[in-house]
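Since the structure comes first, as structure tokens, the remarks are kept for the end.
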Amino acid sequence: MAWEFRFGEGQPQGRPAVAGGRVVFGAWDTNLYCLDEATGERLWSWNNGSPQKLYSPGHIVPRIVGGRIFIVAPDRCMTALDLATGREIWRVKRRKVRETTGVSADGSAVYAKTMDGELLAVATDADRYTELWTVDAGWGYDHNPCPVEVREGVAYMANRTGCVASVSGDGRLFWAEKFASSAANDFFVDADNRLWVTFIEGKIFCLGDPVRPLGRRGGIRSRNWA
């Protein structure tokens with residue numbers, strides 16, 4: 001059954017998340033929406049209480065784990081919501097998180113990249129904000145919203161200056177390498193379980209062994225897009 005949901009001004013820019021018969025997405029109108037997957041009916045909406053549209057969850061990928069939604073937005077807060085009702089479970093502003101998230105392979109942690117070039121892991125089943133670990137990629141200031149990708153238990157994050165880092169599920173930095181000179185767009189895992197990353201300048205890379213340090217581009221293939 002096809003359906004259409006009209007929510008007003010402010011387009012969604014990030015990917016929606018679907019779980020438990022619900023579709024969750026954010027828009028640049030200050031709101032996060034939860035719709036019925038079958039009918040498109042709005043079940044609830046949530047916002048952070050600010051009228052400032054630049055703080056909207058417009059360019060996020062909501063992460064849904066165990067009946068909870070986890071988001072970060074340009075307001076630099078991390079928020080956990082109940083999927084069924086939209087009720088806030090917790091909401092904190094302890095780290096400079098902004099838009100970038102991921103989920104561990106076993107679902108026990110949600111990842112968020114900070115504006116200081118760190119990857120942060122937070123427990124998904126705790127009723128209070130509970131940090132598990134933080135690892136610094138050594139990048140310094142960053143605001144790129146490229147989502148975190150997890151493959152074979154390894155988390156990959158990218159920044160605004162063409163760098164990519166890989167981090168183990170227990171918070172060990174495997175490597176951090178510079179691939180390009182522009183912001184990363186997104187990661188993609190293909191049918192052969194190969195991990196690709198693209199950059200604004202038109203470059204695409206296939207990453208090699210997630211554990212072995214890359215050194216001088218070992219195990220990486222690249223291609224320039226026309």
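Side-chain contact between Asp186 and Pro147: present, with at least one pair of heavy atoms (C-beta onward) separated by less than 4.5 Å. Proximity of Val65 to Phe70: side-chain heavy atoms (C-beta onward) are separated by under 4.5 Å at one or more points. Side-chain atoms of Leu195 and Phe188, non-hydrogen and from C-beta on, never get closer than 4.5 Å to each other. For the pair Glu177 and Cys163, the minimum side-chain heavy-atom distance is 4.5 Å or more. For the pair Phe205/Trp196, no side-chain contact is recorded, criterion being any heavy-atom separation below 4.5 Å from C-beta on. Within the 4.5 Å cutoff, side-chain heavy atoms of Glu99 are placed close to those of Pro74. Side-chain contact between Val23 and Tyr33 is absent, with no heavy atoms from C-beta onward closer than 4.5 Å.
One finds no salt bridge joining Glu149 and Arg151 here, because no Lys/Arg side-chain nitrogen approaches an Asp/Glu carboxylate oxygen to under 4.0 Å. The residues Asp29 and Lys53 are annotated as not salt-bridged, no charged nitrogen and carboxylate oxygen being separated by less than 4.0 angstrom. Taking a cutoff of 4.0 Å between a charged side-chain nitrogen and a carboxylate oxygen, Asp116 and Lys96 qualify as a salt bridge.
Pairing each heavy atom of Gly169 with each of Tyr111, the nearest pair is CA-OH, 3.9 Å. Here the shortest heavy-atom pairing between Phe5 and Arg42 reads CE1-CB, 3.7 Å. Closest approach of Pro16 and Phe25 over heavy atoms only: CB-CB, 3.9 Å. Nearest heavy-atom pair, His59 versus Pro145, reported as atom, atom and distance to 0.1 Å: CE1-CG, 3.5 Å. In terms of heavy atoms, Ala180 sits closest to Lys203 at CB-CD, 4.3 Å. Considering every non-hydrogen atom in both Gly26 and Pro12, the closest pair reads O-CB, 3.2 Å.
For the pair Asp136 (side chain) and Gly138 (backbone), a donor-acceptor distance under 3.5 Å is present. Proximity of a side-chain donor or acceptor of Thr130 to a complementary backbone N or O of Arg128 within less than 3.5 Å is detected. Judged purely by atom type and a 3.5 angstrom limit, Thr100 uses its side chain to pair as donor or acceptor with the backbone of Asn144. Remark: side-chain polar atoms of Ser56 are not paired, donor with acceptor, to backbone N or O of Gly58 under 3.5 angstrom. At distances below 3.5 Å, at least one donor-acceptor pair connects side-chain atoms of Gln52 with backbone N or O atoms of Leu54. Listed for the Asn159 side chain is a donor-acceptor partner under 3.5 Å among the backbone atoms of Gly162.
Connectivity analysis of hydrophobic side chains (ILVMFWY, heavy atoms under 4.5 Å, direct or indirect) links Leu43 to Val24, Leu32, Trp44, Trp46, Ile60, Ile64, Ile69, Ile71, Leu81, Leu83.
From Thr39, atom OG1 reaches atom CH2 of Trp3 across 8.0 Å, with rounding to the nearest 0.5 Å. Considering OH of Tyr156 and CG of Leu207, their distance stands at 6.0 Å, rounded to 0.5 Å. The distance from atom CZ of Arg98 to atom SG of Cys77, rounded to the nearest 0.5 Å, is 13.0 Å. Distance OG1/Thr134 to CG/Leu120: 4.5 Å, rounded to 0.5 Å. Here the OG1-CG distance, from Thr161 to Asp142, works out to 7.0 Å after rounding to the nearest 0.5 Å. To the nearest 0.5 Å, the span separating CG on Leu173 from CD on Glu118 amounts to 12.0 Å.
Between the side chains of Asn31 and Ser45, not a single donor N or O lies within less than 3.5 Å of an accepting N or O. Between Arg63 and Thr101, the side chains place a donor N or O and an acceptor N or O closer than 3.5 Å (distance only, hydrogens not considered). A donor-acceptor contact under 3.5 angstrom links the side chains of Ser166 and Trp175, judged on distance only. No side-chain donor-acceptor contact under 3.5 Å links Trp28 and Gln11.
Residue Val148 is not grouped with residue Val110 when hydrophobic side chains (ILVMFWY) are merged at heavy-atom distances under 4.5 angstrom, including chains of intermediate members. Hydrophobic clustering of Ile, Leu, Val, Met, Phe, Trp and Tyr side chains at less than 4.5 Å, counting indirect connections, unites Val103 with Val97. The same ILVMFWY cluster, assembled from side-chain heavy atoms under 4.5 Å apart, contains both Phe174 and Val197. Side-chain heavy atoms closer than 4.5 Å link hydrophobic residues (I, L, V, M, F, W, Y) into clusters, and following such links, possibly through other members, connects Leu132 to Met157. Hydrophobic clustering of Ile, Leu, Val, Met, Phe, Trp and Tyr side chains at less than 4.5 Å, counting indirect connections, unites Val72 with Trp90.
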Verify side-chain contact (heavy atoms from CB on, under 4.5 Å) between Ile89 and Tyr129, making sure each step is shown before the conclusion.
CA-CA 9 Å; Ile89 299 171; Tyr129 175 82; over 6 Å; no
Before you tell me yes or no, could you show the steps for Asn185 and Ile200 under side-chain contact (heavy atoms from CB on, under 4.5 Å), namely the whole-Å CA-CA distance, both residues' side-chain angles and the distance that decides it to 0.1 Å?
CA-CA 6 Å; Asn185 297 307; Ile200 287 177; 3.3 Å; yes
Please assess Phe187 against Val164 for the test side-chain contact (heavy atoms from CB on, under 4.5 Å), listing each intermediate value before the final yes or no.
CA-CA 10 Å; Phe187 293 98; Val164 177; 4.1 Å; yes
For a side-chain contact (heavy atoms from CB on, under 4.5 Å) check, start with the C-alpha distance between Leu35 and Glu37, then their side-chain angles and the critical distance, and finish with the verdict.
CA-CA 6 Å; Leu35 312 181; Glu37 183 183 7; over 6 Å; no
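Residues satisfying the side-chain hydrogen bond (donor to acceptor under 3.5 Å, both in side chains) test with Thr79, not counting sequence neighbours, are Arg91.
Residue Arg76 qualifies as open at atom CZ: its count of foreign heavy atoms under 6.0 Å is 12 or below.
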